[in-house]
Asks: 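What follows is a single structure, and I will ask about it in a moment.
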Amino acid sequence: MVKSDAQCNVKCLLLPGRCVAGNTISERLIKIMIDQKYLRQDIAHTAERLKRRGFDLDAETYTALDEKRKALQIKTQDLQNERNVRSKSIGKAKAAGEDIQPLLAQVSDLGEQLDAAKAELNELLQTLNAFCLDIPNIPDDSVPVGKDENDNVEISRWGEPRQFDFDVKDHVDVAERINGVDFEQAAKLTGSRFVVMRGQVARMHRALAQFMLDTHTSQYGYTEMYVPYLVNADSMYGTGQFPKFKEDAFHTEPATEEGQGLSLIPTAEVPLTNLARGEIFSADELPIKMTAHTPCFRSEAGSYGRDTRGLIRQHQFEKVELVQLVKPEQSFEALEELTGHAESILQMLELPYRKMLLCSGDMGFGSAKTYDLEVWLPAQNTYREISSCSNMLDFQARRMQARFRNPETNKPELLHTLNGSGLAVGRTLVAILENNQQADGSVTVPTVLQPYMGGIKVLSA
RNA sequence: GGAGAGGUGGCAGAGUCCGGUUGAAUGCACCUGACUUGAAAUCAGGCGAAGGGUCAAACCUUCCGGGGGUUCGAAUCCCUCCCUCUCCGCCA
């Protein structure tokens with residue numbers, strides 16, 4: 001139904017010349033201007049809402065900085081104007097063959113004043129920018145106020161956890177019994193939190209990603225994308241990983257002394273969403289729905305000792321990501337849709353899950369509203385996160401300057417971005433291994449996956 | 001990796017050697033109006049972004065790949081980084 005749109009989107013995204021070269025400082029100076037406008041509207045209310053997620057906005061500092069900025073900006077612009085006017089008159093005088101010397105004398109000290117004002121303004125802008133980049137997104141009013149995952153609200157459940165008449169093994173035991181994983185080899189090659197998969201398990205891992213991609217493209221109108229796994233700093237700023245969460249990602253060494261290193265993507269959300277960076281879409285190009293299957297790399301700083309066994313928490317894992325770029329008024333509807341797309345994968349794989357609405361304190365930095373899908377893991381006797389679907393509103397769009405032209409005003413306006421896992425492939429594999437295990441150690445292959453595995457119905461040693 | 005060419009508005013494409021009223025000729029696209037039964041064609045006008053400012057305007061500042069420098073003044077000169085293209089080499 002959206003096929004033609006999807007095709008158009010690819011074309012638009014891939015049009016040569018639309019890619020904006022990575023800008024650094026000047027681009028960020030613009031960003032903060034907008035952040036300020038945003039904050040200024042109602043700073044007390046903003047602070048109150050940010051508090052719900054445990055963030056203390058220092059409104060006084062902000063207001064003081066902003067007022068200072070305003071004064072400095074006006075001063076600087078006045079000086080620039082004066083310089084421009086005088087320079088022009090010098091040009092005229094010179095063209096008329098008049099003596100320029102007296103005019104030059106008049107401007108002699110202007111340059112210094114201007115330089116000083118500019119430097120001061122610049123410094124302030126950097127401060128303000130840093131201040132604004134650390135502010136998380138504002139939770140939507142529909143988000144329950146809470147501190148941590150214990151305050152998340154269960155929205156729904158799907159499927160019945162299976163009753164086992166034998167001792168349930170965890171996915172590591174299940175996979176090892178059919179010779180499908182080898183963590184020791186991975187540790188030899190690289191270190192902890194990596195895995196080597198082999199044979200039918202490796203194949204099922206691949207099949208899962210293929211199945212997910214095919215479903216999202218053929219059923220839900222997403223355009224399949226192939227994207228870089230290494231991105232520059234601007235991309236990481238754009239989606240909100242930088243500056244606050246730099247430690248969570250892996251980075252390459254800078255290529256040159258001054259050059260910035262690249263970062264391994266922690267999720268395909270980064271490259272997919274940043275496709276919109278610096279772009280102005282026409283209204284009829286939206287919504288843009290993209291999906292990609294990529295590896296994801298996370299340093300897992302701060303999670304030492306958590307989920308050390310098995311595939312749950314790896315430094316490298318695969319994910320099929322869903323990203324949507326939509327008009328502002330459509331984003332909440334789009335979040336429901338996108339979450340539904342991820343849910344449908346679990347349903348087709350017949351994996352019991354529940355849908356959680358994250359509370360204000362448990363949401364990601366850039367999200368205004370997030371649903372987590374948690375799949376049932378019998379060995380852990382609990383539900384574990386397998387997908388996280390978020391409406392970022394214009395949070396990322398603001399950082400990226402991702403806009404569309406509103407036909408009503410004919411002006412560029414920030415669009416809204418959404419993303420969700422559809423699904424995390426490694427954890428889906430875990431869920432199948434655990435939920436579909438048999439007493440004899442074999443694992444049944446979900447029906448929808450069988451065509452992707454040459455008709456194999458059971459994984460066995 | 002070696003050699004060369006180039007990065008200008010939605011697109012195409014001048015300007016850059018010899019810096020000055022150039023946010024930027026021209027063409028296309030687009031919008032409005034006139035003409036027309038309607039359309040095409042033609043004619044007239046408009047048509048980048050961000051920030052400041054204003055009730056709204058006027059108006060001001062900034063932006064010709066990024067950063068820095070020279071200058072009263074830089075799209076134009078200098079340095080540097082990034083990217084693109086062509087040829088050679090190498091390679092999946």
Asks: Could you state the CZ-P distance from A:F404 to B:rA49, rounded to the nearest angstrom?
Replies: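 In whole Å, B:rA49 P lies 14 Å from A:F404 CZ.
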
Asks: Could you state the atom-to-atom distance from CG of A:L114 to C1' of B:rG73 in whole Å?
Replies: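 So the two atoms are 12 Å apart, to the nearest Å.
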
Asks: Run the salt-bridge test on A:K319 and A:E321 with the 4.0 Å N-O cut-off and return the result as yes or no.
Replies: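 The answer is yes: the pair qualifies as a salt bridge.
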
Asks: Between B:rG48 atom P and A:R403 atom CZ, what is the distance in whole Å?
Replies: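 So the CZ-P distance, A:R403 to B:rG48, works out to 14 Å.
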
Asks: Starting at CG of A:D115 and ending at C1' of B:rU70, how long is that distance when rounded to a whole Å?
Replies: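 Checked: the CG to C1' distance equals 12 Å.
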
Asks: So with a 6.0 Å cut-off around CD of A:E60, is the heavy-atom count from everything else above 12?
Replies: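 No, because the 6.0 Å sphere around CD of A:E60 holds 12 heavy atoms or fewer from other groups.
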
Asks: Determine the interatomic distance between C1' on B:rC63 and the same-named atom on B:rG9; round to the nearest Å.
Replies: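 To the nearest whole Å, 11 Å.
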
Asks: Using the criterion of both pairing distances under 3.5 Å for Watson-Crick and G-U wobble pairs, give all stems of 3 or more consecutive pairs involving RNA chain B.
Replies: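 Paired runs of 3+ in RNA chain B: B:1-7 with B:82-88, B:10-12 with B:26-28, B:30-34 with B:42-46, B:48-52 with B:59-63, B:65-69 with B:77-81.
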
Asks: A quick test of your reading: do over 12 heavy atoms of other residues, nucleotides or ligands sit less than 6.0 Å from CD of A:E333?
Replies: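 Count not over threshold, so no.
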
Asks: Taking atom types as they are modelled, is there a donor-acceptor pair under 3.5 Å from the base of B:rG20 to the side chain of A:K88?
Replies: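 A donor-acceptor contact between them is absent.
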
Asks: Please name all residues satisfying side-chain contact (heavy atoms from CB on, under 4.5 Å) with A:A342, sequence neighbours left out, ordered by chain then number.
Replies: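 Testing A:A342 for side-chain contact (heavy atoms from CB on, under 4.5 Å), a comparison that skips the adjacent residues, returns A:L373, A:S387, A:C389, A:L423.
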
Asks: B:rG48 and B:rC30: how far apart are their C1' atoms, nearest whole angstrom?
Replies: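 B:rG48 and B:rC30 have their C1' atoms separated by 13 Å.
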
Asks: Want to settle it: does A:P412 or A:G111 sit nearer the 5' end of RNA chain B, counting the closest nucleotide to each?
Replies: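 Whichever sits nearer the 5' end wins; that is A:P412.
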
Asks: I want to check one thing: is the phosphate of B:rA49, taken as OP1 and OP2, less than 4.0 Å away from some side-chain N or O of A:R405?
Replies: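 Indeed, a polar side-chain atom of A:R405 lies that close.
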
Asks: Considering only atom P, compute the distance from B:rG7 to B:rG15 and round it to an integer number of Å.
Replies: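 Here B:rG7 and B:rG15 have their P atoms 11 Å from each other.
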
Asks: Going by atom types alone, do A:N137 and A:S367 pair a side-chain donor with an acceptor below 3.5 Å?
Replies: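 A:S367 and A:N137 do not have a side-chain donor-acceptor pair below 3.5 Å.
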
Asks: Provide the full list of side chain to side chain donor-acceptor pair (under 3.5 Å) pairs with a residue in residues 83-95 of chain A, sequence neighbours left out, each pair given once.
Replies: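 Listed once each, the pairs are A:E82-A:R86.
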
Asks: Select from A:R86 and A:K94 the residue whose nearest nucleotide in RNA chain B is closer to the 5' end of that strand.
Replies: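 This one resolves to A:K94.
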
Asks: Rounding to an integer number of Å, can you tell me how far A:I280 CD1 sits from B:rC30 C1'?
Replies: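 From A:I280 CD1 to B:rC30 C1': 15 Å.
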
Asks: Just to verify, what does A:H251 make a side chain to side chain donor-acceptor pair (under 3.5 Å) with, not counting sequence neighbours?
Replies: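 Applying side chain to side chain donor-acceptor pair (under 3.5 Å) to A:H251 gives A:S263.
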
Asks: Rounding to a whole Å, what distance do you find between A:L121:CG and B:rG52:P?
Replies: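 Roughly 12 Å, once rounded to whole Å.
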
Asks: B:rC87 and B:rU16: how far apart are their P atoms, nearest whole angstrom?
Replies: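 One P to the other, the span is 29 Å.
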
Asks: Taking the minimum atom-to-atom distance to the side chain of A:Q73, which one of B:rG53, B:rG52, B:rG73 wins?
Replies: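 That would be B:rG52.
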
Asks: Under the rule for side-chain contact (heavy atoms from CB on, under 4.5 Å), what residues qualify as partners of A:I312, not counting sequence neighbours?
Replies: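 With sequence neighbours excluded, A:I312 shows a side-chain contact (heavy atoms from CB on, under 4.5 Å) to A:H171, A:D307, A:L377, A:Q380, A:R384, A:R427, A:V430, given in chain and number order.
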
Asks: Sticking with atom C1', work out how far B:rU76 lies from B:rC64, rounded to a whole angstrom.
Replies: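 It works out to 10 Å between them.
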
Asks: Taking the C1' atom in each of B:rC60 and B:rA44, what is the distance between them to the nearest angstrom?
Replies: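 After rounding to an integer number of Å, I get 31 Å for this pair.
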
Asks: Sequence neighbours left out, what pairs pass salt bridge (Lys or Arg N to Asp or Glu O under 4.0 Å) with at least one residue falling in residues 45-57 of chain A?
Replies: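 Salt bridge (Lys or Arg N to Asp or Glu O under 4.0 Å) check on residues 45-57 of chain A returns A:E48-A:R52, A:R49-A:D141, A:K51-A:D56, A:R52-A:D141.
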
Asks: Return the set of residues passing salt bridge (Lys or Arg N to Asp or Glu O under 4.0 Å) with A:D134 (not counting sequence neighbours), or none when no residue passes.
Replies: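 For A:D134 there are no salt bridge (Lys or Arg N to Asp or Glu O under 4.0 Å) partners, ignoring immediate neighbours.
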
Asks: Quote, to the nearest angstrom, the C1' distance that separates B:rG23 from B:rA75.
Replies: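 It comes out at 10 Å once rounded to the nearest Å.
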
Asks: Sort me out a list of protein N/O and nucleotides 60-63 of chain B N/O pairs below 3.5 Å, or just none if empty.
Replies:
from: B:rC60; atom 1: O3'; to: A:N81; atom 2: ND2; distance (Å): 2.7
from: B:rU61; atom 1: OP1; to: A:N81; atom 2: ND2; distance (Å): 2.8
from: B:rU61; atom 1: OP1; to: A:N84; atom 2: ND2; distance (Å): 3.2
from: B:rU61; atom 1: O3'; to: A:Q80; atom 2: OE1; distance (Å): 3.2
from: B:rU61; atom 1: O2'; to: A:Q80; atom 2: OE1; distance (Å): 2.8
from: B:rU62; atom 1: OP1; to: A:R83; atom 2: NH2; distance (Å): 3.1
from: B:rU62; atom 1: OP2; to: A:N84; atom 2: ND2; distance (Å): 3.3

Asks: Roughly how many Å is it from CG in A:L414 to P in B:rG51, rounded to a whole number?
Replies: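 Those two atoms, CG and P, are 9 Å apart.
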
Asks: Nearest whole angstrom, please: distance from the C1' of B:rG67 to the NZ of A:K118.
Replies: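 To the nearest whole Å, that distance equals 14 Å.
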
Asks: Provide the full list of salt bridge (Lys or Arg N to Asp or Glu O under 4.0 Å) pairs with a residue in residues 238-251 of chain A, sequence neighbours left out, each pair given once.
Replies: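 Passing the test, one end in residues 238-251 of chain A: no pairs.
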
Asks: For the C1' atoms, the ones on B:rU22 and on B:rA14, what distance do you get once it is rounded to whole angstrom?
Replies: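 It works out to 12 Å between them.
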
